[in-house]
Colleague: 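Have a look at this one.
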2 protein chains.
Amino acid sequence: MSKVTINDIAKNANVSKTTVSHYLNGRYKAMSIETKERISSAIEVMDYSPNVVAKSLKNKKTMTIGIIVANILHSFSTQIIRSIEDYAHEEKYHVIVCNSDNDPVKEKNYIQMLLAKQVDGMVVIPTWNNDALFSRLAEDKYPAVFIDRFIETVKIPSFMLDNTVAIKTAFVHLMDKGHREIGFVSQPAAEIPPRKERQDEYKALCVQHGVEKFIVAGELKAIERNLDQAVKKDKLPESLIVANDLALFEVLKAVKAHDLKIPRDLSVISIDDVDFAEFFNPAITVVAQPSFKIGTEAAHTLFGIINGEEYEIETHRFKPELIERESVTDYGNE
Amino acid sequence: MSKVTINDIAKNANVSKTTVSHYLNGRYKAMSIETKERISSAIEVMDYSPNVVAKSLKNKKTMTIGIIVANILHSFSTQIIRSIEDYAHEEKYHVIVCNSDNDPVKEKNYIQMLLAKQVDGMVVIPTWNNDALFSRLAEDKYPAVFIDRFIETVKIPSFMLDNTVAIKTAFVHLMDKGHREIGFVSQPAAEIPPRKERQDEYKALCVQHGVEKFIVAGELKAIERNLDQAVKKDKLPESLIVANDLALFEVLKAVKAHDLKIPRDLSVISIDDVDFAEFFNPAITVVAQPSFKIGTEAAHTLFGIINGEEYEIETHRFKPELIERESVTDYGNE
DNA sequence: TTGTAAGCGTTATCAC
DNA sequence: GTGATAACGCTTACAA
């Protein structure tokens, strides 16, 4: 493979490698048509293609960026990656994909390796405990953007759903349909901003509207268990706001296990549109986040930074969209 | 970022860069404890980390591999990528992810760019028309493996589902349950081996068992349209074998649109387990393919090749697994 | 035990 | 218009 270098081309075409390099980089302007052709045919014949690693060393530009997500298996991450890869492809960049598994240690390791590989920029769904590292990146003006989460103290622009509005949209929709028992299901809020924001807004809304709080928050298994308990004790509320797709899976499993009927026995509204929402029985009403838009804007900003444009360090909030389907009963507005 | 080089460390520690290099590469054996400490503290203080690009240029090893899938949004591809990234991470490798969109031109471009970037190996779900390129890779003994598809004439090992067995499993299951009208839904078989294999086996089975063929094959939109027609003309068979997840989505949409009841009005068995199969109403009976196993074995072989091990150029076939759920009526075995 | 120097495949500066 | 030559940051004989 590609053992042929610019030197071989130079020899074969009877010119210096400088000239070949000029040719390769489109500095034709003042090159005799003859040499041009000798070079081009040498390249053709010897099947030469430039070594990008050498080029990168010289140019200090690798034409690749890193993406660190929690887990590529989550559809949100997949969509983010796809939108960013598309943008990168346009810019003739490649993307290195990493799974942090929400593990700060793994994340840190990835960041350091990516930097060592001299990637020109990074987009990351950050975990926690790496604030210092991120801050150093920010100080060094290293091109980086966050997605889905932000870190209070770190000066890196962030692109994420307006979680407050998302929960409010769901809550208000339920209220509009006459619901007064509204529960909330989520993975542990802990250190993860979007989860925390969603849960906090739910609580605030409960207080504001005099709705009794019913929160199931825990790891997937715990959700399943708690839901199970609630059903058995007949303590399940009329309706549930489900904080994301994974939590929704658990809810739907519990519903099936107990042979509940949505929306008769339970109304469900989920944050995150899932691929089956539309043809599920019943179709799931959802507050969707614009993943592709988020990814694309993040990429846009990142490449802006890479190309030396000015940018604001701010948190960009994206508006969710309510998609009404069949999983919420209409009790009539009282 | 990382503007500090091995030279700076050498100066700061009052040694030559050779010594630093030795230190970095763990050639401690015969190094005075003193120098060792001077170096280590210099590294600490100056926050040095080696430039992998320079290292790659010298070593002819980039510690990164490329993955080309049709579209990362398909869950099979996502799972393959995840399993390969895991394996790569173990080996201290990174992965560059590319979407070919089943476009041979895009694919070719990616392959060439990846090679130019000197990636140490590639795993690809190949399209078509690039046989010559792949053959050159094979001849050059460039480390590469195929997934999900193979190319007849190309000497690159391939890892894929045993499609024949998968279809037979589905077909026989249906027969066992007393079905005699068995249809088949797929995207266009065209140039894509797994699709073709599945469809061919279906046809063969029809002949063998005297079952009348009913095939809906086309792009997603066409599937929807044709299904629609069939329902309206009351020509839908008792049961449908659905060739993959995307086709399944269309079937499920049609079912919902026409308010059909599975499995009363129609039995469905799908190739590919989908995340919602378990808690769908009804739960979907499925012939699952072991994506993670496929990905992991492919990675295993790829890294074997990279590490210079001998390998067979063969097509590795993986056995599917029938997961019986609720979407197939039992008419009783006649 | 440590240092000198050449080389990996490019690009860039500056001559000619 | 074209070509030496140094440089990018690292590794590795080979020397000392």
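By convention in this document, chain letters (A, B, ...) are assigned in the order of the sequence lines, proteins followed by strands, and residues within each chain are numbered from 1. The basis for the numbers below is simple: all heavy atoms, side chains too, and nothing from hydrogens, waters or symmetry mates.
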Colleague: At a heavy-atom distance below 4.0 Å, what parts of residues 36-46 of chain B sit against DNA chain C?
Modeller: none

Colleague: Keeping the roles fixed (side chain from B:R149, backbone from B:P193), state whether a donor-acceptor pair exists under 3.5 Å.
Modeller: no

Colleague: Taking the side chain from A:S21 and the backbone from A:K17, do they hold a donor-acceptor pair closer than 3.5 Å?
Modeller: no

Colleague: Testing the 3.5 Å rule here: is there a donor-acceptor pair between the side chains of B:T19 and B:S16?
Modeller: yes

Colleague: Quick check for you: to the nearest 0.5 Å, what is the distance between B:N14 atom CG and B:I9 atom CD1?
Modeller: 12.5 Å

Colleague: Using five pairs at either end of the helix from C:dT1-D:dA16 to C:dC16-D:dG1, determine the angle between the two local helix axes and round it to 10 degrees.
Modeller: 40°

Colleague: Walking along DNA chain C from 5' to 3', note the first and the last nucleotide with an atom under 4.0 Å from a heavy atom of chain A, and give both.
Modeller: C:dG9 to C:dT13

Colleague: I'd like to know if the side chain of B:N71 and the backbone of B:L73 have a donor-acceptor N/O pair within less than 3.5 Å.
Modeller: yes

Colleague: Distance-only, no hydrogens or angles: does the B:S56 side chain make a donor-acceptor pair with backbone N or O of B:K61 under 3.5 Å?
Modeller: yes

Colleague: Is there a donor-acceptor pair closer than 3.5 Å between any side-chain N or O of A:N51 and the backbone N or O of A:A54?
Modeller: yes

Colleague: Under a 3.5 Å distance rule, please check whether B:S158 uses its side chain to pair with a backbone N or O of B:I147 as donor and acceptor.
Modeller: no

Colleague: Please check this pair: side chain of A:Y142 against backbone of A:G121, looking for a donor-acceptor N/O pair closer than 3.5 Å.
Modeller: yes

Colleague: For the side-chain hydrogen bond (donor to acceptor under 3.5 Å, both in side chains) test, which of A:K108, A:E191, A:E107 pairs with A:T127?
Modeller: A:E107

Colleague: Main chain of A:V95, side chain of A:T64: is a donor-acceptor contact present, judged purely on distance under 3.5 Å?
Modeller: no

Colleague: Any side-chain N or O of A:T35 below 4.0 angstrom from OP1/OP2 of D:dG1?
Modeller: no

Colleague: Among residues at least two apart in sequence or on other chains, which ones pass side-chain contact (heavy atoms from CB on, under 4.5 Å) with B:E152?
Modeller: B:F150

Colleague: Would you call the rings of B:Y87 and B:F303 parallel, tilted or perpendicular, where under 30° means parallel and over 60° means perpendicular?
Modeller: parallel

Colleague: Looking at DNA chain D, which of residues 10-26 of chain B put a heavy atom within less than 4.0 Å of it?
Modeller: B:K17, B:T18, B:S21, B:N25

Colleague: Does the B:D120 side chain pair with the main chain of B:M63, one donor and one acceptor, at a distance under 3.5 Å?
Modeller: yes

Colleague: Indicate yes or no for a side-chain donor-acceptor contact from A:K106 to the backbone of A:N99 under 3.5 Å, with no hydrogens or angles considered.
Modeller: yes

Colleague: Within residues 56-64 of chain A, which residues have any heavy atom lying less than 4.0 Å from an atom of DNA chain D?
Modeller: A:L57, A:K58, A:K60

